[in-house]
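These notes concern the structure reproduced below.
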Amino acid sequence: MVVQQMVDNVPQGQKFMVVGGMEHRKDDDAANGAAWQKVMQMMRERLGESVFQRWLAPLPATATAMQVTLNVPTRFMRDWIDQHYLDQMRALWQQVGGRGPLELSVTSSLRPATDVEVDAPASVVAPVAAAPVAATSSVSPSAPMSFTHDGAATLDPRFTFEHFVGGRSNELALAAARRVAEQSSPGFNPLFLYGGVGLGKTHLMHAIAWHLRKHHPERRVVYMSAEKFMYQFVRALRFKDTVAFKDQFRSVDVLMIDDVQFISGREHTQEEFFHTFNALVDQNRQVIVSADKSPQDLDKIDERLRSRLGWGLVADIHPTSADLRLNILQSKAKQANCVVPEKVLEFLAYKITNNVRELEGALNRIVAHAQLVGRAITPEMTQEVLADILRASDRRITIDEIQKRVAEHYNIRLTDMHSARRARVVARPRQVAMYLAKQLTPRSLPEIGRKFGGRDHTTVIHAVRKVEELASQDQSLRDDVELLRRMLQGQPN
């Protein structure tokens, strides 16, 4: 009865076993178990519930009359507990009258209930309680998944394949991400996703992790930013713990590194990432990387690493078209269970062109305003609530500026933008300028047509569709359009 009460009173999540070989030692075993329970309760009070649940609660302890052993799954975990918590626990162990030593033991067969590390921060990845999942998610919260010890870097439950809106600008990246997530063995290795800010790279990486969690819970996945990988490596060097660092990253099934451009110019970090990459590929493990540029365009990246990053499949995500932005807005409104007039969604899709993140933020803003203030969502209300965003969009870009910039880029005369010449060397840049005018200005189709030599609005529609069609097939044209868009919006090239 004493033993049962002691086990029942162990802090939630703490696995506990009382073992003993002989009948007359059961009371001593129970006494040590009770002492250990007190230690855990005091550690809970010192560390706080969040840290306690993430670090100590999931670890099983074995109590005998001679000692208490805390079982951990890896040497890395043992070293972390030893460095940060063991001295405190031993001091408390003596304080409560525990008998014998308090030890740590690596039990390789121990597989924590949380087993896939996600978005490790600057120090260490460890088994912790699974992060809460939104009720709308189809992923079971009990599926094996572990997050980082700081509890902040969890997977976003909205970022699944089901919630990703596909289009011509991202169809290759989406198809590749699905293929990698669904295959039990590496397909494209590495899978390299690249594109501008807010176009969906992180969404796809989270979607892969969610899919693996649901369909392949036995696979160990590490997902983190390159910046955090760098910090963790520097920390391992500082504490002379590089062996544990290597063990941590080279024993996973899937390694996902976001924003790899952040290790540009970091020679030692690049060297370690290069060797980690090679070790995983040699073991037939999957590597997935994202960046804001293609491998060949990454600055201050070692040539060996740049070559390895382009080894598998490089999939780019282009700026969204107006139709895709409208589809995204419709999907987001549906997810939020909010009715937004189609005219408002169309207005946002044509006015906010920088990235999907800004687009979603604008939608959230008008929906929140409508709910909190009690106003109906109308085009007039939208313009009022988003006045600062719309001013920023209108402030820099005019059709005249677009024509001038495009003419300079293609080395044609500015007057060719208004002329009747149909030679391809003139017609194609003029179509690009019309496309950018439609994407980056609030002008109507007839207004744009008038600025291009009095052309009809149907000519503008044809130009926009033609550029979208050609850009989906021609990498050079896509790069030209993206470069011009960035220059016109004042963004870095």
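Owing to the predicted nature of the structure, the values given are computational and were not obtained by experimental measurement.
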Step-by-step side chain to side chain contact (heavy atoms under 4.5 Å, CB included) determination, V222 to F249
CA-CA 8 Å; V222 167; F249 286 99; 3.9 Å; yes

For Q232 and Q248: C-alpha separation, side-chain torsions, deciding distance, then whether side-chain hydrogen bond (donor to acceptor under 3.5 Å, both in side chains) applies.
CA-CA 11 Å; Q232 199 163 332; Q248 173 192 351; 2.8 Å; yes

Step-by-step side-chain hydrogen bond (donor to acceptor under 3.5 Å, both in side chains) determination, S225 to E227
CA-CA 5 Å; S225 69; E227 187 177 20; 4.9 Å; no

Step by step, would you call F229 with F233 a ring pair (Phe, Tyr, Trp, His ring centres under 6.0 Å)?
CA-CA 6 Å; F229 178 90; F233 174 61; 7.0 Å; no

Walk me through it: do S444 and E447 pass the test side-chain hydrogen bond (donor to acceptor under 3.5 Å, both in side chains)?
CA-CA 5 Å; S444 66; E447 287 178 308; 3.2 Å; yes

Stepwise, does the side chain to side chain contact (heavy atoms under 4.5 Å, CB included) test hold for K404 with M417?
CA-CA 9 Å; K404 181 180 178 181; M417 289 291 169; over 6 Å; no

Please assess V260 against I301 for the test side chain to side chain contact (heavy atoms under 4.5 Å, CB included), listing each intermediate value before the final yes or no.
CA-CA 10 Å; V260 76; I301 293 290; 5.8 Å; no

Could you walk me through whether E384 and R375 pass the salt bridge (Lys or Arg N to Asp or Glu O under 4.0 Å) check?
CA-CA 12 Å; E384 179 183 334; R375 293 179 61 185; 3.3 Å; yes

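Relative to the six-membered ring of W210, R213 misses at least one condition, a distance below 6.0 Å or an angle of at most 45° to the axis. In this structure, R428 is not positioned above the aromatic face of Y410 in the sense of NZ or CZ being under 6.0 Å from the six-membered ring centre and within 45° of the axis.
Scanning for salt bridge (charged side-chain N to carboxylate O under 4.0 Å, His left out) contacts around E358 gives an empty result, with sequence neighbours left out. Considering only residues two or more places apart in sequence or on other chains, F164 meets the ring-ring contact (aromatic ring centres under 6.0 Å, His included) condition with H203.
The residues D400 and K451 are annotated as salt-bridged, a charged nitrogen and a carboxylate oxygen being separated by less than 4.0 angstrom. Taking the charged nitrogens against the carboxylate oxygens, E272 and K246 do have a contact shorter than 4.0 Å, which makes a salt bridge. By the 4.0 Å N-to-carboxylate-O rule, R421 lies close enough to D416 to be salt-bridged with it. Of the charged side-chain nitrogens involved, at least one lies within less than 4.0 Å of a carboxylate oxygen, so that D299 and K293 count as a salt-bridged pair. A salt bridge is defined here as a Lys NZ or Arg NE, NH1 or NH2 lying under 4.0 Å from an Asp or Glu carboxylate O, and R365 with D388 meets this definition. Residues E303 and R306 are paired through a salt bridge, judged by an N-O separation under 4.0 Å between the basic side chain and the carboxylate.
No donor-acceptor pair under 3.5 Å is formed between the side chain of R405 and the backbone N or O of I402. Checking side-chain atoms of S290 against main-chain N and O of D259 turns up a donor-acceptor pair under 3.5 Å. No donor-acceptor distance shorter than 3.5 angstrom exists from the side chain of K201 to the backbone of V289, with no hydrogens or angles considered.
Interatomic distance, L329 CG to R325 CZ, rounded to the nearest 0.5 Å: 9.0 Å. Rounding to the nearest 0.5 angstrom, the gap separating the CG atom in L386 from the CE atom in M381 is 8.5 Å. Within the model, atoms CG of D474 and CG of D480 stand 8.0 Å from one another, a figure rounded to the nearest 0.5 Å. To the nearest 0.5 Å, atom CG of residue L199 and atom CG of residue N170 are 9.0 Å apart. A distance of 6.0 Å separates CD1 of I263 from CZ of F273, quoted to the nearest 0.5 Å. R250 CZ to F245 CZ: the interatomic distance, rounded to the nearest 0.5 Å, is 8.5 Å.
Of the N and O atoms on the side chains of R478 and H318, at least one donor lies less than 3.5 Å from an acceptor on the other residue. Under the 3.5 Å distance criterion, with hydrogens and angles disregarded, a donor-acceptor pair is assigned to the side chains of S294 and D297. Using a 3.5 Å distance cut-off with no hydrogens or angles, the side chains of S264 and Q261 do not pair a donor with an acceptor.
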